[in-house]
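First comes the structure, then the notes that go with it.
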Amino acid sequence: MRYSRAFIPTVKEVPKDATMPSHILMLRAGYARMVGAGIYELLPLGTRVLHKIEKIVREEMDAAGAQELLMPTFLPGEYFKESGRWELYGPTLLRIKDRKGGEYHLGPTHEEIVTDLVRREVKSYRQLPLNLYQIQNKYRDEPRPRAGLLRCREFIMKDAYSFDVSDEAALASYQQMHDTYHRIFQRLGLDYRVVEADSGAIGGKQSAEFQVLAQTGEDSIVACNECDYAANVEIARPGPVTGAEPDASQMLPLERIETPNTHTIEEVVAFFGPDANAAHTLKSLVYLAGDEIVLAIVRGDHEINEISLARQLGVDEVVLASDAAVKETTNTEIGFVGPVDFEGRIIADPDAVSVLNAIAGAGETPYHLKNVNHGRDYTAEVLSIRQATSGDPCPKCSGTLELYRGIEGGHIFVLGTHYSDRMNATFLDEQGNSHPIVMGCYGIGVTRLIAAIIEQHHDEQGIRWPVHVAPYEVIVTPIGKDEEPLTKATEIYETLCAEGVEALLDDRSERPGVKFKDADLLGIPLRITVGSRGLKQGTVELKKRIEAESEDVPAVNIVSATKAALAALRG
RNA sequence: CGGGGCGUAGCGCAGCUUGGUAGCGCGCACGGUUCGGGACCGUGAGGUCGGAGGUUCAAAUCCUCUCGCCCCGACCA
């Protein structure tokens with residue numbers, strides 16, 4: 001491709017609405033443009049990267065025996081009604097009425113549609129196992145789209161569905177996808193962790209997330225520094241903690257202290273001065289669990305795990321009470337709620353119970369209590385309800401957990417017969433007996449991965465694509481106003497193209513600085529600079545985007561040197 | 001949905017407090033000088049000031065409503 005004819009609208013200034021590196025760079029380097037909140041255009045460069053990722057995904061899926069198909073995105077509502085997700089999905093489902101008033105929606109994921117296909121076409125165990133996948137646009141009216149391509153309302157997903165005759169066979173399919181995903185994520189050049197995760201609204205028994213490590217990620221995960229344990233903090237449990245009751249002989253008398261304007265743990269700690277720290281305080285949160293009001297207590301430096309709390313209380317979810325509700329039920333402003341004299345159910349984390357002479361809200365505005373002790377001043381049901389965090393013991397070995405931020409790039413599930421039961425998808429076994437088909441589903445956020453790769457591969461100057469996904473492998477940059485560099489660069493470019501190298505020729509009549517800046521911004525892995533200075537010695541320069549220094553190469557050898565450098569980058 | 005912020009030329013912004021000719025930088029077009037890390041000079045094109053209503057002789061500016069976008073939270077494969 002000749003740059004002078006390419007549609008690569010780069011921008012010098014940082015777009016106002018972008019804050020994350022991948023978002024900023026995709027806009028600045030001309031890979032994408034926004035059309036609406038969570039709705040993006042992929043420009044030619046972005047589309048080339050998309051196709052590179054899709055190619056890797058297809059190769060690995062096909063190698064695993066999965067078969068690609070294409071289902072519609074515009075769907076009659078009946079299938080989601082059949083499974084119950086027409087209601088369950090709520091406002092996230094983008095609903096449409098046709099001219100006759102019929103109810104339709106755009107597909108957020110396709111368990112129902114593929115299950116319908118399979119129940120119509122698959123009747124016998126002889127037709128199983130089966131793994132069907134597609135790569136297409138998905139639609140979810142997210143409550144809060146954000147960060148460019150990381151969370152969109154329209155996005156491209158690879159979704160695969162496996163169908164098996166038994167739980168054991170389904171687990172084998174799941175394991176195969178697990179392995180396939182490892183190969184895909186490795187080929188994409190990503191640093192990632194496979195973590196245990198909550199299976200959420202999709203319904204299912206077992207699931208694992210492929211989390212791309214990035215400080216800007218939305219998800220928090222913990223991973224052991226010694227074994228392979230890793231989990232989303234949504235479900236991670238810290239390893240054994242003592243939960244020891246404080247030593248009664250060291251308890252100090254309770255003190256009530258006026259503490260105006262201390263609504264957060266930080267403010268409380270600041271108020272009590274240098275001796276206080278968050279681990280010495282109790283965080284009290286009022287939750288609605290079904291019809292019941294529950295006070296949940298964790299240590300001030302810990303975060304509560306709402307999923308864990310809900311499960312142990314035996315409810316679907318717990319909802320943090322609104323400011324008004326807290327005031328109504330406790331007669332206390334947010335920030336001053338506490339366990340002492342609280343009338344109602346109190347659940348406390350073991351680490352909170354162990355705190356000796358803690359600082360806690362007094363249950364009265366604007367006071368806090370000093371020297372609060374479990375057993376003496378309040379009594380709680382002790383349940384592990386906090387999120388795991390850095391420094392916690394590993395639940396599986398003697399190692400220590402580390403906290404990471406991650407971007408959910410893929411998620412695989414064992415679904416069991418959740419959908420096949422509801423939709424009556426069955427097969428006949430050797431004896432002619434009917435059984436529900438056992439399913440699994442496997443997603444990869446393809447457009448999200450474009451952003452995730454950039455989050456891991458960039459510097460101050462721009463993107464640094466791994467070769468396997470770069471829109472072009474080489475950019476040939478003639479420098480200077482003379483004819484020779486352009487002539488020579490064109491010759492090199494044409495030879496590279498003929499040899500199957502994906503090359504971009506910067507034939508624009510721009511000054512060198514502009515071309516270098518753009519080349520770095522675009523993130524092309526290799527740059528060949530052709531200038532009259534070098535040509536006098538018969539050399540051109542070869543530079544890797546990920547290295548600071550360039551290398552002089554005799555012009556006659558540049559094609560083979562380029563191919564060698566590409567091979568080295570491919571690893 | 002709760003909290004905060006922002007909508008003025010393609011992009012980034014000033015102007016608004018105190019109503020009175022719509023500005024700057026980048027980009028774009030043309031001419032000239034330049035040419036190894038986002039050059040310089042000159043000329044020029046380009047704006048219903050997000051939208052609607054109101055106050056006023058007069059609204060980018062004041063008031064009301066509304067739409068959109070971003071961030072934090074809630075929520076969410």
Side-chain angles (χ1 to χ4, degrees), chain A residues 9-20 23-24 27-28 30 33-39 85 88-93 107-111 138-148 150-153 155 157-161 197-204 207-210 216 218-219 232 234 264 287 306-307 317-325 334 408-413 415 441-445 448 460-462 477-482 485-486 506 508-521 527 529-535 540-541 543 548 550:
Chain A
T10 59
V11 177
K12 268 197 259 187
E13 287 178 281
V14 175
K16 183 183 56 159
D17 289 336
T19 53
M20 284 180 54
H23 191 192
I24 291 170
L27 296 175
R28 283 198 56 212
R33 288 291 183 264
M34 185 178 82
V35 176
I39 307 172
R85 286 209 290 185
L88 195 71
Y89 241 98
T92 303
L93 194 64
T109 170
H110 280 65
E111 283 78 12
K138 292 288 186 277
Y139 298 86
R140 294 179 190 179
D141 194 0
E142 296 283 354
R144 188 180 159 205
R146 74 183 110 182
L150 281 175
R151 180 165 291 272
C152 280
R153 294 193 290 176
F155 60 98
M157 176 161 97
K158 188 281 307 177
D159 48 322
Y161 306 91
D198 186 59
S199 48
I202 209 157
S207 85
E209 289 173 345
F210 284 67
T216 47
E218 287 187 283
D219 297 328
N232 194 305
E234 288 176 353
T264 64
Y287 279 94
E306 296 184 358
I307 290 177
E317 59 171 2
V318 293
V319 180
L320 198 56
S322 66
D323 295 15
I334 296 257
E408 183 186 350
H411 202 160
I412 60 177
F413 299 81
L415 289 174
C441 71
Y442 317 95
I444 289 179
R448 176 181 281 181
E460 314 73 48
Q461 297 302 314
T477 308
I479 288 301
K481 56 183 192 264
D482 304 330
L486 179 59
D506 195 349
R508 297 176 300 169
S509 53
E510 291 288 352
R511 296 160 58 87
V514 174
K515 293 187 176 186
F516 293 151
K517 289 286 186 187
D518 274 338
D520 287 348
L521 182 60
R527 187 180 79 204
T529 307
V530 184
S532 12
R533 214 165 63 189
L535 285 181
V540 297
E541 289 162 38
K543 181 181 175 301
S550 66

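Comparing B/A58 with B/C67, their C1' atoms are spaced 27 Å from each other, to the whole Å. Rounded to a whole angstrom, the distance from the C1' atom of B/G15 to that of B/U8 is 9 Å. Rounded to whole Å, the P atom of B/U17 lies 15 Å from the corresponding atom of B/U64. With both ends at atom P, the span from B/G51 to B/G32 equals 41 Å, rounded to whole Å. Nucleotides B/C30 and B/A45 have their C1' atoms positioned 10 Å apart, rounded to a whole Å. Remark: the separation of the P atoms in B/C49 and B/G2 is 30 Å, to the nearest Å. B/U56 and B/G47 have their C1' atoms separated by 25 Å, given to the nearest Å. Distance noted for atom C1' between B/C16 and B/A22: 12 Å (whole Å).
Within the nucleic acid shown, A/Gly90 has no heavy atom closer than 4.0 Å to any nucleic acid atom. In this structure, A/Tyr442 reaches neither bases nor backbone, as no heavy-atom distance under 4.0 Å exists between it and the strands shown.
Between the A/Arg28 side chain and the A/Val14 main chain, no donor and acceptor come within less than 3.5 Å of each other. With hydrogens and angles disregarded, no donor-acceptor distance shorter than 3.5 Å links the side chain of A/Arg151 to the backbone of A/Pro145.
B/C1 is paired with B/G73 under the criterion used here, namely a Watson-Crick or G-U wobble arrangement in which both key atom distances are under 3.5 Å. For B/A58, there is no paired base (Watson-Crick or G-U wobble, both distances below 3.5 Å). For B/U64, the paired base is B/A52 (Watson-Crick or G-U wobble, both distances below 3.5 Å). If you check B/A39 for Watson-Crick or wobble pairing at under 3.5 angstrom, you find it paired to B/U33. The base-pairing partner of B/G27, taking Watson-Crick or G-U wobble contacts with both distances under 3.5 Å, does not exist among the strands shown.
Comparing A/Lys16 and A/Gly410 along RNA chain B, the residue whose closest nucleotide (by nearest heavy atom) sits nearer the 5' end is A/Lys16.
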Could you run down the sub-3.5 Å N/O contacts of the protein with nucleotides 71-75 of chain B?
residue, atom, partner, partner atom, Å
B/C71, OP1, A/Ala147, N, 3.4
B/C72, OP2, A/Arg144, NH1, 3.4
B/C72, OP2, A/Arg144, NH2, 2.2
B/G73, N7, A/Arg144, NH1, 3.4
B/C75, OP1, A/Glu306, OE1, 3.2

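The shortest side-chain heavy-atom distance between A/Met157 and A/Thr109 falls under the 4.5 Å cut-off. Residues A/Asp219 and A/Asn232 have side chains in contact (heavy-atom distance under 4.5 Å, counting atoms from C-beta outward).
One finds the CG atom of A/Leu521 at 6.5 Å from the OG1 atom of A/Thr10 (value rounded to the nearest 0.5 Å). Rounding to the nearest 0.5 Å places CD of A/Glu408 at 6.0 Å from CZ of A/Arg448. Remark: A/Leu486 CG to A/Thr477 OG1 distance equals 11.5 Å, nearest 0.5 Å.
Nearest heavy atom pair, residue A/Gly38 against residue A/Cys152, reads O-CB, 3.4 Å. The two residues A/Ala147 and A/Met20 come nearest to each other via the heavy atoms CB-SD, 3.3 Å.
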Would you mind building the protein contact string for nucleotides 32-40 of chain B? One character per nucleotide, 5' to 3', B for base within reach (heavy atoms under 4.0 Å), S for sugar-phosphate only, - for untouched.
--BBBBBB-
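Look at CD on A/Glu408: it is 10 Å from C1' on B/C76, rounded to the nearest Å. Put simply, CZ on A/Arg85 is 13 Å from C1' on B/C76, counting in whole angstrom units.
Side chains of A/Tyr139 and A/Asp141: no donor on one and acceptor on the other come within 3.5 Å.
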